[in-house]
Amino acid sequence: MLSTMQDVPLTVTRILTHGMTIHGKSQVTTWTGEPEPHRRSFAEIGRRATQLANALRDELGVDGDQRVATLMWNNAEHVEAYLAIPSMGAVLHTLNLRLPAEQLVWIVGHADDKVVLVNGSLLPLLVPLLPHLPSIEHVVVSGPGDRSALAGIAPRVHEYEELLAGRPTTYDWPELDERRAAAMCYTSGTTGDPKGVVYSHRSIYLHSMQVNMSESMGLTDKDTTLVVVPQFHVNAWGLPHSTFMTGVNMLMPDRFLQPAPLADMIEQEKPTHAAAVPTIWQGLLAEVTAKPRDLTSMARVTIGGAACPPSLMEAYDKLGVRLCHAWGMTETSPLGTMANPPAGLTDEEEWPYRITQGRFPAGVEARLVGPGGEHLPWDGESAGELEVRGPWIAGAYYGGAGGEDLRPEDKFSEDGWLKTGDVGVISDDGFLTLTDRAKDVIKSGGEWISSVELENAIMAHPDVAEAAVVAVPDEKWGERPLATVVLKEGATADHAALRTFLAQSIAKWQLPERWTVIEAVPKTSVGKFDKKVIRKQYANGELDVTQL
Ligand code: ADP
């Protein structure tokens with residue numbers, strides 16, 4: 001029999017109306033580079049989001065599930081767009097401003113975006129693309145930035161503040177099916193065309209609840225979170241929506257993402273939490289080592305998107321800041337795991353749990369699949385590809401207007417699970433340790449070598465700033481590791497010394513023979529190591545490699 005419960009849809013509209021009333025006094029603070037940042041209450045954000053929805057419908061003619069793109073930093077106006085666009089039934093499409101121009105053009109065309117909201121400071125990026133973006137009918141500009149380049153362009157141009165001024169602060173929000181599209185985000189397309197992940201109202205609602213649980217970020221209205229992870233990258237890990245559920249204050253860095261302003265805003269605004277990828281925390285560490293700042297308000301930090309070296313965690317422990325490791329993907333909304341250790345352990349006993357990628361929440365089912373398609377046990381030793389399923393995990397990619405959804409075989413199993421492309425082990429109590437991406441693992445003489453384990457071990461050397469390890473072809477073994485190392489300023493360690501240091505923690509047969517010192521590890525648009533580029537440099541003979 002069916003239940004007797006009400007079947008109320010889980011929607012972003014509900015997150016908006018709840019946050020702006022029950023948590024109306026909570027604030028979004030946006031850094032401006034001036035001594036006093038810009039502050040706006042949730043009540044005001046909610047009213048302005050409502051005005052934005054009215055303007056998009058009445059003035060710009062946005063209708064049905066049309067796509068409204070954003071090309072924006074993290075700021076109050078971007079939060080307004082996050083709430084308004086899905087609530088009116090349209091689809092929010094966040095554009096990654098670090099993607100190459102031709103990918104942005106492809107993505108806007110594929111999503112068939114009708115409107116783009118853009119920060120004035122990003123007009124130099126957008127305007128040259130506009131002749132190649134025929135679907136865009138309206139450009140809405142907010143915040144500081146020179147507008148002169150907009151003269152004579154084809155789409156209609158609107159000033160965000162003028163568009164909102166005087167609009168009604170009520171809206172007859174539609175009753176939406178919770179399974180409808182609310183937002184979309186394209187993966188960075190490191191191989192092939194970018195792939196569009198379309199989030200539903202229901203997936204965003206459930207994901208937001210999980211973010212708010214104490215086994216995940218566990219923030220309340222007493223907290224302020226510094227949202228460094230961009231709103232154009234996997235919904236800023238869900239924070240703009242999850243915070244509106246529980247009244248968590250947000251501190252938004254806008255375009256001030258360099259280590260120095262980040263350190264300043266932490267010291268001045270005293271956030272209690274922050275979220276960002278490891279590259280940001282590496283940069284901030286160097287900054288506060290050179291010029292000390294008080295970071296201790298920020299007791300907890302969520303770090304993910306790429307493996308967090310244990311040495312980085314230790315360095316922040318000493319500063320009174322606890323990094324909590326998380327794993328996720330664009331396809332997983334992104335929260336997949338978080339490394340909060342089980343209860344009742346001493347600091348020492350917690351450590352082995354903290355350096356894993358973390359534990360799966362109830363909403364994420366996981367399994368490990370071996371090379372022959374067999375399911376592997378959770379014994380902390382059997383390594384396989386991670387597959388996941390759950391209510392906030394993608395089951396397909398967007399096929400474009402009128403096209404069918406795409407379910408490529410290398411991304412989805414026959415029974416509908418997402419193949420993550422990540423390789424690792426799971427302990428019997430459900431903690432995931434990733435050893436590699438399937439395409440980065442080093443297959444040496446029939447055995448797998450983890451590039452991540454080697455990188456972490458090299459980065460633990462005091463002379464090393466960063467290290468990336470990639471597989472390179474080897475006549476005898478098939479593949480062997482190549483270690484590329486960035487030394488700290490003034491450091492002198494040579495390859496032989498690094499190899500000897502590594503031998504203390506790594507099995508002899510896994511030790512790299514090939515070493516090279518480079519100036520910086522190449523990074524992707526979201527700040528991850530770009531191993532594809534290193535492999536290419538090696539293949540082209542562009543690296544000065546020492547063989548030991
Ligand atoms: P892209 O594939 O374009 O980088 P995502 O940002 O969705 O897009 O990246 C997801 C991938 O990032 C994961 O599949 C995984 O390889 C990596 N990743 C994310 N979090 C972690 C983590 N905590 N440790 C190691 N790798 C991670």
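Remember, it's 1-based here, ligands and their atoms both numbered in the order they're listed.
Under 4.0 Å from ligand 1, the heavy atoms of Ala306 that appear belong solely to its backbone. At a 4.0 Å heavy-atom cut-off, ligand 1 touches Met329 through backbone and side chain alike. Looking at Cys308 against ligand 1, nothing comes within 4.0 Å, counting heavy atoms.
With rounding to the nearest 0.5 angstrom, the OH atom of Tyr186 is 12.0 Å from the CD atom of Gln103.
With hydrogens and angles left out, the side-chain atoms of Asp254 and Asn74 include no donor and acceptor closer than 3.5 Å. Judged purely by distance below 3.5 Å, without hydrogens or angles, the side chains of Ser444 and Arg480 pair a donor atom with an acceptor atom.
Inter-residue side-chain proximity for Leu323 and Cys308 is flagged as met; some heavy-atom pair is nearer than 4.5 Å. Using a 4.5 Å cut-off on side-chain heavy atoms (C-beta onward), Met184 and Tyr398 make contact.
Checked by atom type and distance alone, the side chain of Gln504 never pairs as donor or acceptor with a backbone atom of Leu502 at under 3.5 Å. Between the side chain of Asn540 and the backbone N or O of Glu542 there is no donor-acceptor pair closer than 3.5 Å.
Of the candidates Arg437, His233, Lys528, Lys439, Arg437 brings a heavy atom nearest to atom 2 (O) of ligand 1. Across the listed options Thr330, Leu386, Asp422, Val229, Asp422 owns the non-hydrogen atom lying nearest to atom 14 (O) of ligand 1. Relative to atom 23 (N) of ligand 1, the option among Ala326, Gly304, Gly305 with the closest non-hydrogen atom is Ala326.
Those atoms of ligand 1 with a heavy atom of Gln357 less than 4.0 angstrom away are 22 (C), 23 (N), 24 (N), 25 (C). Less than 4.0 angstrom separates some heavy atom of Ala307 from each of these atoms of ligand 1: 22 (C), 24 (N), 25 (C), 26 (N).
The shortest N/O to N/O separation between Glu331 and ligand 1 does not fall below 3.5 Å.
Every heavy atom of Gly421 sits 4.0 Å or more from the atoms of ligand 1.
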